[in-house]
Chemist: 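Dumping the structure here so I can ask a few things about it.
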Amino acid sequence: MNISEKKLIIAIDGHSSCGKSTVAKDLAKKIDYTYIDSGAMYRVVTLFAMRNALINNEKVDENKLSHLIDQVSISFQYNDEKQRHETYLNGELVEDEIRSLAVSNNVSLIAKIKFVREKMVAFQRELSKEGGVIMDGRDIGTVVFPNAELKIFMTADVEVRAIRRYKELKDKGEEVSLDDIRENVKKRDFIDENRDESPLRKAEDAIVLNNSKLSKEEQLDWIVERMSEVV
Ligand code: CDP
């Protein structure tokens with residue numbers, strides 16, 4: 001039986017902006033698995049909270065959000081023409097908006113809320129029940145799928161990550177400064193690693209990939225090799 005038929009769960013966790021989604025998408029394509037972007041879910045809830053003015057001075061109105069969260073419906077579609085995965089909030093395409101620095105600046109505040117995480121984790125498990133999934137995030141190998149067959153923990157130097165994200169947003173036409181991006185990356189890492197609910201940490205059985213000096217192709221080859229060892 002080959003890897004595609006085995007329908008495994010592959011968890012890719014790690015620091016902000018280290019290229020988890022790039023390698024997860026490349027791998028999904030290569031082995032014909034479904035790619036699920038758990039970070040996009042937290043970004044959608046953040047956008048929803050921002051639009052409803054529920055975040056002020058780095059404080060979230062959790063009470064109001066708890067009453068409104070059931071109005072949030074998240075879905076994903078692959079856009080053949082643009083060759084990209086796209087995210088929807090209640091049927092509205094929000095893919096570009098959720099990647100903006102404004103959303104990045106608030107997302108870790110939303111992601112540390114227990115009821116938000118519970119709802120997102122339930123959705124992540126529901127989407128994965130058939131297996132054959134590659135999911136990236138912060139708590140996939142530790143909380144969402146502690147029995148995942150392959151767990152990768154990705155990281156890269158802060159400066160490398162900041163430059164990658166800066167280029168990505170610039171290419172999309174967003175006016176951002178490298179200093180602001182670097183601050184955002186560091187701050188998100190700090191909040192994600194130090195929160196009470198499902199903090200970002202390496203699962204004991206995860207394999208570390210530091211891709212500071214690796215190209216896209218090299219990191220994909222590295223993961224494919226790890227897969228062949230596991231399978
Ligand atoms: O792509 P990038 O590394 O910038 O971030 P992302 O994967 O889109 O995740 C955005 C934020 O969502 C993270 O900084 C975390 O605060 C949160 N997140 C989380 O708490 N748990 C996950 N499984 C995925 C994301």
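Counting starts at 1 for both ligands and their atoms, in listed order.
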Chemist: Indicate whether any N or O donor in one side chain lies under 3.5 Å from an N or O acceptor in the other, for Asn106 and Thr46.
Modeler: no
Chemist: Please say yes or no: joined through hydrophobic side-chain contacts below 4.5 Å, possibly via intermediate residues, are Ile74 and Val103 part of one cluster?
Modeler: yes
Chemist: For the pair Lys114 and Glu118, find out whether any cationic side-chain nitrogen is under 4.0 Å from an anionic carboxylate oxygen.
Modeler: yes
Chemist: Just by distance, no angles: are the side chains of Arg182 and Tyr166 close enough, under 3.5 Å, to form a donor-acceptor pair?
Modeler: no
Chemist: Do any N/O atoms on Asp139 end up under 3.5 angstrom from N/O atoms on ligand 1?
Modeler: yes
Chemist: When you check the side-chain N and O atoms of Asn211 and Arg161, is any donor under 3.5 Å from an acceptor?
Modeler: no
Chemist: May I ask you to check if ligand 1 and Asp192 share an N or O to N or O distance below 3.5 Å?
Modeler: yes
Chemist: Assert yes or no for the condition that the ring centre distance of Tyr78 to His85 is strictly below 6.0 Å.
Modeler: yes
Chemist: Side chain, backbone, both or neither: which part of Ile140 comes within less than 4.0 Å of ligand 1 when only heavy atoms are counted?
Modeler: side chain
Chemist: Below 4.0 Å from ligand 1: does a non-hydrogen atom of Ser16 turn up there or not?
Modeler: yes
Chemist: Within less than 4.0 angstrom of ligand 1, does Arg117 place any heavy atom?
Modeler: yes
Chemist: Should the proximity of Arg43 to ligand 1, defined as any heavy atom under 4.0 Å, be assigned to the side chain, the backbone, both, or neither?
Modeler: side chain
Chemist: Taking only heavy atoms of Gly39, which atoms of ligand 1 are found under 4.0 Å from at least one of them?
Modeler: 6 (P), 7 (O), 8 (O), 9 (O), 24 (C), 25 (C)
Chemist: CD1/Ile191 to OG/Ser16 distance, rounded to the nearest 0.5 angstrom?
Modeler: 9.5 Å
Chemist: Please evaluate residues Ser21 and Asp136 with respect to the criterion side-chain hydrogen bond (donor to acceptor under 3.5 Å, both in side chains), reporting the C-alpha separation (whole Å), side-chain torsions for both, the decisive distance (0.1 Å), and the verdict.
Modeler: CA-CA 6 Å; Ser21 69; Asp136 75 324; 4.6 Å; no
Chemist: Check for me whether Arg195 has a heavy atom closer than 4.0 Å to any atom of ligand 1.
Modeler: yes
Chemist: Looking only at N/O atoms, are Ser108 and ligand 1 under 3.5 Å apart anywhere?
Modeler: yes
Chemist: Ligand 1 versus Arg165, non-hydrogen atoms closer than 4.0 Å: side chain, backbone, both, neither?
Modeler: side chain
Chemist: For ligand 1, is there an N or O atom under 3.5 Å from any N or O atom of Asp37?
Modeler: no
Chemist: With respect to atom 5 (O) of ligand 1, which of Lys20, Glu193, Arg138 exhibits the smallest heavy-atom separation?
Modeler: Arg138
